[in-house]
Amino acid sequence: MNDAASAPTPAPRRARVRAPELIGKGGWLNTGGKDLSLAELRGRVVILDFWTFCCVNCLHVLDELRELEEKHRDTVVIIGVHSPKFVHEAEHQAVVDAAERYGVHHPVLDDPELATWKQYAVRAWPTLVVIDPEGYIVAQHAGEGHAHAIAKLVEELEAEHEAKGTLRRGDGPYVAPEPVATDLRFPGKAVLLPGGNLLVSDSTRHQLVELEPDGETVVRRIGGSGTFNEPQGLALLPSGKVVVADTVNHSIRTYDPTTGEIETVAGTGKQWWQGSPTSGPAREVDLSSPWDVAWFAGKVWIAMAGVHQLWTYDPATDTVEVAAGTTNEGLVDGPAAEAWFAQPSGLAATEDRLWIADSETSALRWIDREGVVHTAVGTGLFDFGHRDGEAAQALLQHPLGVTALPDGSVAVCDTYNHALRRFDPATGQVTTLATDLREPSDAVLVGDDIVVVESARHRLTRLRLPEEAVRVDSVAHRTQRAATEVSAGKLRLDVVFQAPSGQKLDTRYGPSTRLLVSSTPPELLADGAGAGTDLSRELVLADGVTEGVLHVSAMAASCDDDPTNEYPACHVHQQDWGVPVVVTADGTPRLPLVLAGMDH
């Protein structure tokens, strides 16, 4: 590792950059109908959280900030700036739903046109911006793992502005929305129990709910916030137990319907980070936001949404291990160890393959028993829509569920299109089975019917499997994020990382930083792809390729800078960027990406 990586030139942390005002056509949530401005928040530490509700990393950051939000409630105001990737996420009601679904207990600015995102020159979800009590930007952090650094900065700002007389304490502007009484609240997944009842993960209420075969009458509720935390996937095991993806607890649990017993079988309760073990005794290995589970080839397969991988849990040996995926986010087929996924969120097993709803690439994929990953529908991170026809041209929008059908085809819960779609491997055709569903997230076969989890309508909806598909008008979208104009030839990539105050890069066991670069299409990069430990790299763009996406993954580890402490606390900061670029004559020769610090 060279000096540039070990000691990057820091911009002044207290650079006097006035924070732009907050604007968004969608208006404000969680404020009791009141519009907020930075001017009226003067005297408070303001943390802007740029998020979008499809992004599991953004959900991780919401959880990371909860302790800080509670501890500094009288001095800190967290404001979520919702900046959509998908068309559905630009719908105001969808943002309202997401704020309740994920327990967002602070004001949210709905910015469907990315106006504030552009004002703050944000390049990635999630990004955190800290504004001091006088209205100046003092820090910017992209990705996860920054809560400790921000908490320390908040304490410094409190002390500094208390002394200056510029700190104003008091109640924040958050106003909780009125609760709504429903039997289910944003249910996630469902499974058919042997006796004919349905078991549903009632995610927002942190429960499992057993329903009678009508899908409406509640038989019993299982668990609660002390047991589960936003549970999602469910699968029936040969033993008769149900395996549960306990998503925010980063754990796999089992539930025995006959005894009511709940047991943790995998995960430590801590989130997996780069460098952590990827196999071993099941309850000694960290997991990351398991979103769905399925029984396939004698093991429990886990859609590990938080790290873009598939893992397995083997009850016979009581072990877990990575089964497919590199942790890089994208769409790459091939041998399991080389494949890329993007937030896999739904699984369905047949005799010879495991189907995967790969949500962030809007793709339907599958892995065979030989461990090779294939794509049936989908092209990448930034293309989505609602288009039927040949699979190569068909489009989905952030699917979360997949269900194997008796004829060998699969039904796809096309979540952000509010539709149930069907892919037939025999014909290679994609059709639409039903529309006007509200964020369907899973479906279960019950006789000749299919029961759909309509998550944002808080109910199960029973449909007769139609013999003919519904016809819909085709629509195609690309994410509305503007492409970065770059110059031809050489492009300097700088990932800006400044160790937080009181910390230093952890070099005790070798380089403490990692940088991985690739592109879509691969031909975009003539030179500079691959892994390294330097956070700066010179890329060479190939002649003749005028646009594409640069995939950048960066990680830095920092530890408390205390020479008297033999075991200093260490922290991992990491982020993946997908940066759309277009080559122009007057494009920039430098691409700065802020992991932590400032870049002006």
Asker: Kindly indicate whether a cation-pi arrangement holds for K85 with F382, taking the cut-offs as under 6.0 Å to the six-membered ring centre and within 45° of the axis.
Answerer: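 Yes, K85 and F382 form such a contact.
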
Asker: List in chain and number order the residues that pass side-chain contact (heavy atoms from CB on, under 4.5 Å) with E70, two or more places apart in sequence or in another chain; answer none if no residue qualifies.
Answerer: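 With sequence neighbours excluded, E70 shows a side-chain contact (heavy atoms from CB on, under 4.5 Å) to R73, given in chain and number order.
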
Asker: Just to verify, which of W125, W28, W51 counts as forming a ring-ring contact (aromatic ring centres under 6.0 Å, His included) with H82?
Answerer: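 Looking at W125, W28, W51, the match for H82 under the ring-ring contact (aromatic ring centres under 6.0 Å, His included) is W51.
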
Asker: Indicate whether any N or O donor in one side chain lies under 3.5 Å from an N or O acceptor in the other, for E230 and H206.
Answerer: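 Checked: E230/H206 side chains show no N/O donor-acceptor pair below 3.5 Å.
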
Asker: Going by atom types only, do S553 and R514 share a side-chain donor-acceptor pair under 3.5 Å?
Answerer: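 A pair is found: one side chain offers a donor N or O, the other an acceptor, under 3.5 Å apart.
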
Asker: Below 4.0 angstrom, N of the basic side chain to O of the carboxylate: do K25 and D111 qualify?
Answerer: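 So K25 does not pair with D111 through a salt bridge.
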
Asker: What is the distance from atom OG of S289 to atom CD of Q343, rounded to the nearest 0.5 Å?
Answerer: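 Between S289 OG and Q343 CD, I get 8.5 Å after rounding to 0.5 Å.
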
Asker: Answer yes when K71 and E155 have at least one side-chain N-carboxylate O distance shorter than 4.0 Å, and no when they do not.
Answerer: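 A salt bridge is present here (some side-chain N lies under 4.0 Å from a carboxylate O).
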
Asker: For S501 and E156, which I'm curious about, is there any donor-acceptor pair between the side chains at under 3.5 Å?
Answerer: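 Note: S501 and E156 side chains meet the donor-acceptor criterion.
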
Asker: For a quick check under 3.5 Å, do Q271 and W273 share a side-chain donor-acceptor pair by atom type?
Answerer: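 Side-chain D/A pair, Q271 to W273: absent.
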
Asker: Verify whether one side chain among H161 and T166 offers a donor that lies under 3.5 Å from an acceptor in the other.
Answerer: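 There is such a pair (donor and acceptor under 3.5 Å, judged by atom type) between the side chains of H161 and T166.
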
Asker: P344 and W291: which non-hydrogen atoms are nearest, and at how many Å?
Answerer: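 Scanning both residues, the minimum pair turns out to be O-CB, 4.2 Å.
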
Asker: Check the side chains of T327 and Q274 for a donor-acceptor pair under 3.5 angstrom, ignoring hydrogens and angles.
Answerer: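 Note: Q274 and T327 side chains meet the donor-acceptor criterion.
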
